[in-house]
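Working notes, structure below.
Every value quoted in this text rests on a predicted model; they were computed, and no experiment measured them.
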Amino acid sequence: MESKDDSGGLRCLVTGATGYIGGRLVPELLEAGHRVRCLARTPEKLRDYPWAGEAEVVKGDVTDAESLGAAMRDIDVAYYLVHALASGPGFEKTDREAARIFGERASAAGVRRIVYLGGLTPADVPEKELSPHLRSRAEVGHLLLASGVPTTVLRAAVILGSGSASFEMLRYLTERLPVMVTPSWVSTRIQPIAVRDVLRYLVGSARMPAEVNRAFDIGGPDVMTYRDMMQKYAYVARLRHRLILPVPMLSPGLSSHWVGLVTPVPASIARPLAESLRYEVVCHEHDIARHVPDGPGQPFSFDTALSLALQRVREARVTTRWSSASIPGIPSDPLPTDPDWAGGSLYTDVRELDVDASPEALWRVVEGIGGDNGWYSFPLAWAVRGWLDRLSGGVGLRRGRRDAQRLRVGDSLDFWRVEEIEPGRLLRLRAEMRLPGLAWLEMYAEKGEGGRSHYRQRAVFHPAGLLGHAYWWSVSPFHAVVFGGMARNIAQAAVRGTTGVTK
């Protein structure tokens, strides 16, 4: 494939750059000498990524033909790494329309190749009988292959890597349950693949010959059941052998709630994963190696992939997580501009304190909040709120943090998401728990007098209907304990120069 880039690299468009795979693919493409343009609905989410200054970021959406067409201009290779699962029950229709628009715009722009990461499907099951998630992924592949643009469809089963939803599900199930009653899908054969191999195939697919227009199965060298995977994890993580008792009557719906209660992965994400695990997903060919040759020890074995992922977790070097992308049903509205906002009621709770510590010491506490460090306020209340959120299908408190010390825009933080961060001064979080309205929490570390600092904390709630108003007034009597206690404990932690002591 000829390049439009005089440097010899290709010009690549990456959609889904704020997601788990996309966020890791961009630096790999840059390392390979390609130029990268990222299409994002919220470009600000990519602002703090280490590679942000090396890639072009444009605002747009794969369902918006105009913005997509502009993003495709002068592109050699377009990566399709999005799916509409987060859009709710009608996601299949949205996926179908997005794939059609993507193919049409790629063809009109003269794009040389489309690369799509889809799901591995069983050969002996008609596509119409597959789970909606797998069926939609397969349909998107067909639409892109029929677009008139040479297309590479990579079909993977379980992707193993630090921060992936599949890895987190495996990790928490195995670590937390030495004895477990499990769904029957733990006995289904699967062919997992390391995320490093997925990225290698994605990058290598960019230079496939123009005549190649087909799907490729990609997987690691090991075929095993989910039960085998859990026992292997226990061995590699040096845990005791797990007692696993499959129960046939646990449906995908019930098992997704079970997974949601035990792991950080909410039921809305666990369900498509559980539904996919009902089928035997094993590669039937390894033709990808003709175009992207495997080196020594490639693809990685399950044990190696697991060890690499665990090492990344232990060293706090998880670059992207499954929660980097939006969660189904989660609001994404920005904080209303105030005091000029005229959209209705906007409730606030403001706390301010002078702190006998430097602004730098105060900021370290603010940026380190959440995850294992806790929320510096009435632990039982936060735990109960997290459990209630999980029971209602929300994300709960178990998502934790990507990094124990540093945050960036777009990071998930328990049941919040970082909406804005001004290092050393402001952290704004948007609530992603189930609420009858929209909520934000702002924390400021400001310079005070005589080397001291000033802490300002503001909780903001925009109610949705009468239920939203009732919710605010029902919880407002507890604000002095929850928010007032949080402000005091954060200030005290800054004075002590510690984090995570008071939760």
Would a 4.5 Å heavy-atom cut-off, applied to side chains only, mark [X] and [Y] as touching?
{"X": "L413", "Y": "L429", "value": "yes"}
{"X": "L353", "Y": "R488", "value": "yes"}
{"X": "Y116", "Y": "L81", "value": "no"}
{"X": "L160", "Y": "L170", "value": "yes"}

Using 4.0 Å as the upper bound for N to carboxylate O, is an ion pair formed by [Y] and [X]?
{"X": "R430", "Y": "E432", "result": "yes"}
{"X": "R458", "Y": "D349", "result": "no"}
{"X": "E420", "Y": "R428", "result": "no"}
{"X": "R171", "Y": "E168", "result": "yes"}
{"X": "R401", "Y": "D403", "result": "no"}
{"X": "K447", "Y": "E360", "result": "no"}

So, [X] and [Y]: side-chain donor and acceptor under 3.5 Å apart, yes or no?
{"X": "S136", "Y": "D95", "value": "yes"}
{"X": "Q457", "Y": "Y455", "value": "yes"}
{"X": "S301", "Y": "T304", "value": "yes"}
{"X": "N489", "Y": "W375", "value": "no"}
{"X": "Y347", "Y": "H469", "value": "yes"}
{"X": "E352", "Y": "Y444", "value": "no"}

**OP:** Would you please indicate yes or no on a ring centroid separation below 6.0 angstrom for F461 and Y471?
**Re:** yes
Original post:
How about W472 and H479: are their ring centres within less than 6.0 Å of each other?
Top reply: yes
Subject >> Heavy atoms of other groups near L466 CG, more than 12 under 6.0 Å >> reply: no
**OP:** Please indicate whether E31 has more than 12 foreign heavy atoms, meaning atoms of other residues, nucleotides or ligands, lying under 6.0 Å from its CD.
**Re:** no
What are the two closest heavy atoms between [X] and [Y], and how far apart are they?
{"X": "G374", "Y": "I369", "result": "O-CG1, 3.5 Å"}
{"X": "R408", "Y": "P50", "result": "NH1-CD, 3.8 Å"}
{"X": "A494", "Y": "V355", "result": "CB-CG1, 4.2 Å"}
{"X": "L202", "Y": "I21", "result": "CD1-CG2, 3.7 Å"}

**OP:** Just do the salt bridge (charged side-chain N to carboxylate O under 4.0 Å, His left out) check on K232 and D303 with the steps written out, would you?
**Re:** CA-CA 7 Å; K232 278 275 192 179; D303 286 11; 3.3 Å; yes
Subject >> From CA spacing to verdict: side chain to side chain contact (heavy atoms under 4.5 Å, CB included), I490, L362 >> reply: CA-CA 8 Å; I490 285 175; L362 178 57; 3.9 Å; yes
